[in-house]
Amino acid sequence: MTGFDEGTTLDRFLLETTRSHPQATGQFVTLLQQVTLAAKMISARVNRAGLAGMIGATGETNIQGEFVQKLDIYANETMKRALEHPGVCGLIVSEEEEGPIHIPERFHSGRYIFTMDPLDGSSNIDVNATIGTIFGVFRRKSPEGEAGKLEDVLGRTGREQIAAGYVIYGSGTLLVLATRDTGVNGFTLDPSVGEFFLSHSDLKLRPSATTYSMNEGYAKLWDPRLAAFVDGLKEPSRKMTQRYIGSLVADFHRNLLKGGLFVYPATTKAPDGKLRVLYEAFPLALIAEIAGGAATNGRDPILDMTATSLHQRTPLVIGNTELVEECTAALNA
Ligand code: AFP
């Protein structure tokens with residue numbers, strides 16, 4: 001559903017789409033308004049990164065064993081600060097932090113559980129390539145007002161997310177938001193006004209597409225069935241082309257707009273793949289499904305998986321349904 005003209009502000013879109021829910025407390029709108037505030041701050045910092053001494057690594061590694069970039073820290077802190085005080089989150093979990101982020105006792109512990117990869121693709125910062133913030137939202141299980149618990153996020157399936165989205169910091173800054181009621185909509189930041197405006201309404205993935213995105217540098221570490229499938233894609237009759245940025249949010253976004261299949265598979269070195277269930281696979285799988293696409297872990301739908309640990313990884317096959325089904329079938333042949 002849309003019914004909104006391009007150029008509608010994100011604020012108006014949120015207020016009008018939640019007004020129809022009589023049980024709405026306003027917390028969901030506030031949560032998304034805080035996400036957009038943080039996104040504007042991160043976007044401004046990303047745009048000035050080369051000047052503001054924000055390029056480069058801190059010298060530390062995160063829980064994933066990856067080099068932490070200065071902008072990773074800025075993005076994580078900015079999102080946290082925006083979300084912990086307004087009384088809308090019961091717990092926040094971040095790719096950048098080992099444990100869950102509890103809401104300080106002086107603030108109300110709200111209805112929602114927020115999962116985030118504050119700055120995805122951060123190894124691309126130094127080369128000015130597109131990066132992004134990915135997020136998912138669950139309704140909490142424990143009572144509102146009490147401290148959030150790990151069980152509010154672990155033991156949950158991807159299907160339990162009530163919303164997901166991402167912000168890409170590229171040639172422009174765009175926020176894509178998906179809910180089952182409103183579909184998938186993209187809002188572009190007009191930096192001169194400081195507002196996000198509806199620019200991509202009701203995004204849909206057609207059944208098929210002609211782009212595939214995967215890091216073929218690892219092909220010798222793949223399951224031979226995947227290698228054979230990719231070889232088949234190269235038959236000229238299929239008219240396929242390949243695009244891979246190495247920033248999931250950017251690769252996913254291109255495929256959402258233009259069509260395509262993204263695969264980050266299991267390899268002999270990384271049998272569970274690289275991408276994280278809670279911060280990357282769950283949110284993007286929800287967006288893909290709402291847009292009419294699909295996402296699997298090479299066997300089952302991503303959204304049917306259960307989160308068993310905060311930093312759990314999964315192989316990811318995501319994009320236009322026919323290609324996802326073909327790739328998943330090839331992996332199980
Ligand atoms: P960084 O945040 O360390 O740049 O990792 C990005 C990422 O998690 C995801 O955004 C990419 O799709 C994937 O890694 C790329 O990984 P490879 O370099 O192994 O292809």
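As a basis for the values below, the full set of heavy atoms in this structure was taken, side chains included, without hydrogen atoms, waters or symmetry mates. For ligands, and for the atoms within them, numbers begin at 1 and follow the listed sequence.
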side-chain hydrogen bond (donor to acceptor under 3.5 Å, both in side chains) pairs touching residues 162-172, sequence neighbours excluded, are Thr133-Tyr169, Tyr166-His253

Sub-4.0 Å atoms of ligand 1 with respect to non-hydrogen atoms of [X]:
X	result
Ser123	1 (P), 3 (O), 4 (O)
Arg276	8 (O)
Ser247	10 (O)
Leu275	8 (O), 9 (C)

- prompt: Any idea how Phe262 and Tyr244 line up, ring-wise: parallel (<30°), tilted (30 to 60°), or perpendicular (>60°)?
  reply: parallel

Short version for Phe262: what comes under 4.0 Å of ligand 1, heavy atoms counted, is side chain

With heavy atoms and a 4.0 Å threshold, my read on which part of Leu248 contacts ligand 1 is both

Counting heavy atoms not belonging to Arg159, are there more than 12 under 6.0 Å from its CZ? yes

Lys234, NZ: over 12 other non-hydrogen atoms inside 6.0 angstrom:
yes

Closest to atom 16 (O) of ligand 1 by heavy-atom distance, out of Arg313, Glu280, Lys274, is Lys274

Can you give me every donor-acceptor pair (side chain of residues 205-212, partner residue at least two apart or in another chain, under 3.5 Å) with its distance?
unit_1: Arg206; atom_1: NH2; unit_2: Lys258; atom_2: O; d: 3.3
unit_1: Tyr212; atom_1: OH; unit_2: Glu216; atom_2: OE2; d: 3.1

Can you find an N or O of Asp120 that's nearer than 3.5 Å to an N or O of ligand 1?
-> yes

Quiz item: Does Tyr244, backbone or side chain, put an N or O under 3.5 Å from an N or O of ligand 1?
Solution: yes

Cluster question for you: counting only ILVMFWY and a side-chain heavy-atom cut-off of under 4.5 Å, with indirect links fine, are Leu257 and Ile245 together? no

Given the options Arg140, Glu84, His102, Ser109 meets side chain to side chain donor-acceptor pair (under 3.5 Å) only with Arg140

